[in-house]
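In what follows, a structure is listed as structure tokens, so that the remarks can point back to it.
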Amino acid sequence: MRKNIVAGNWKMNTTLQEGVALAKDVNAALEGVQPKCDVIICVPFTHLASVNAVIDANKLGLGAENCADHASGAYTGEISAAMVASTGAKYVILGHSERRQYYGETSETLKEKVALAFENGLTPIFCIGEVLEERENGTFFDVVKEQIESALFHLSAEDFGRIILAYEPVWAIGTGKTATDDQAQEMHAFIRGVIADKYGKEVADNTSILYGGSCKPTNAAALFAKPDVDGGLIGGAALKADSFMGIVTAF
Ligand code: PGA
């Protein structure tokens, strides 16, 4: 069956020293705790190797926040999936709305990134979600379906089964405006139906679908109690060990 997962997305926050300290705090907070979910932190590229050295991989997974859409070569400033994997990281966030919005990522580039992540043994945490206008004009189901179809539905069922999905309504990210637990459940159930139509019920039932967008210790339990919400992708609240742990222990 699918896993429950709580993943932190640190975004462009913390210096190397602050990030290593935060990772140590999260790792220490997990000592002697048996969370009912897998716990992952996705950190800036510059922090990956150092963070990997101070965490217990059996308790805390490590991921990057992006990777390049090319394997190697003359792409100044880019970081490849192979480079990410060589740090010890096991996950990579792909298609985050901030990457789509500010760095022009499209389904075409994301297809390449997903392929390179797989080639290098990384598990993609693949983000989808509508903007406010699409929520308000009622096209949000179509938008999310199209994001999944265009970037992922060329995959074999086996490869699709290795993806973690994160539904992140863009209007809820960093705004303090969380989707209600019913809105999250409605969309997660819809997404699972879209997957079932393409790959069958078993693949759909085994896919972890995380919710992201102003998830906090105060609202996580209600969100995670919904049958199709399998955890969270956590931005702001992942930057302090105690608030992140408040979400981890909400299961
Ligand atoms: P937030 O970010 O928790 O700060 O809203 C979530 C995300 O963008 O992954």
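Remember, it's 1-based here, ligands and their atoms both numbered in the order they're listed.
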(request) May I ask you to check if ligand 1 and I234 share an N or O to N or O distance below 3.5 Å? (result)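 No, I234 has no N/O under 3.5 Å of an N/O on ligand 1.
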Measure from the side-chain N and O atoms of [X] to the backbone N and O of [Y], and report whether any donor-acceptor pair falls under 3.5 Å.
X: T175; Y: K177; answer: yes
X: E78; Y: Y75; answer: no
X: R192; Y: K201; answer: no

(request) Check each heavy atom of I173 against ligand 1 and say whether those closer than 4.0 Å belong to the side chain, the backbone, both or neither. (result)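 It is both backbone and side chain that touch ligand 1.
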(message) Side chain, backbone, both or neither: which applies to S97 and ligand 1 if a contact is any heavy-atom pair less than 4.0 Å apart?
(response)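 No part of S97 is near ligand 1 at this cut-off.
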Is it true that [X] lies under 4.0 Å from ligand 1, counting heavy atoms only?
X: A237; value: no
X: A172; value: yes
X: G174; value: yes
X: K11; value: yes

Would you say [Y] and [X] are linked by a side-chain donor-acceptor pair, where the criterion is simply a distance under 3.5 Å?
X: T14; Y: H47; answer: yes
X: Y167; Y: E130; answer: yes
X: T180; Y: D182; answer: no

Could you check [atom] against the protein and tell me its nearest heavy-atom contact, residue, atom and distance included?
atom: atom 4 (O) of ligand 1; value: G236 N, 2.8 Å
atom: atom 3 (O) of ligand 1; value: G235 N, 2.9 Å
atom: atom 7 (C) of ligand 1; value: E168 OE2, 3.0 Å

(request) Decide, yes or no, whether a salt bridge links K113 with E105 under the criterion of side-chain N to carboxylate O below 4.0 Å. (result)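 Yes, K113 and E105 are salt-bridged.
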(request) Compare all side-chain heavy atoms of V194 with those of V144 and state whether any distance is below 4.5 angstrom. (result)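 No, too far: nothing below the 4.5 Å cut-off.
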(request) Just jot down the ligand 1 atoms closer than 4.0 angstrom to any heavy atom of H96, in number order. (result)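 Those of ligand 1 that fall under 4.0 Å from H96 are 7 (C), 8 (O), 9 (O).
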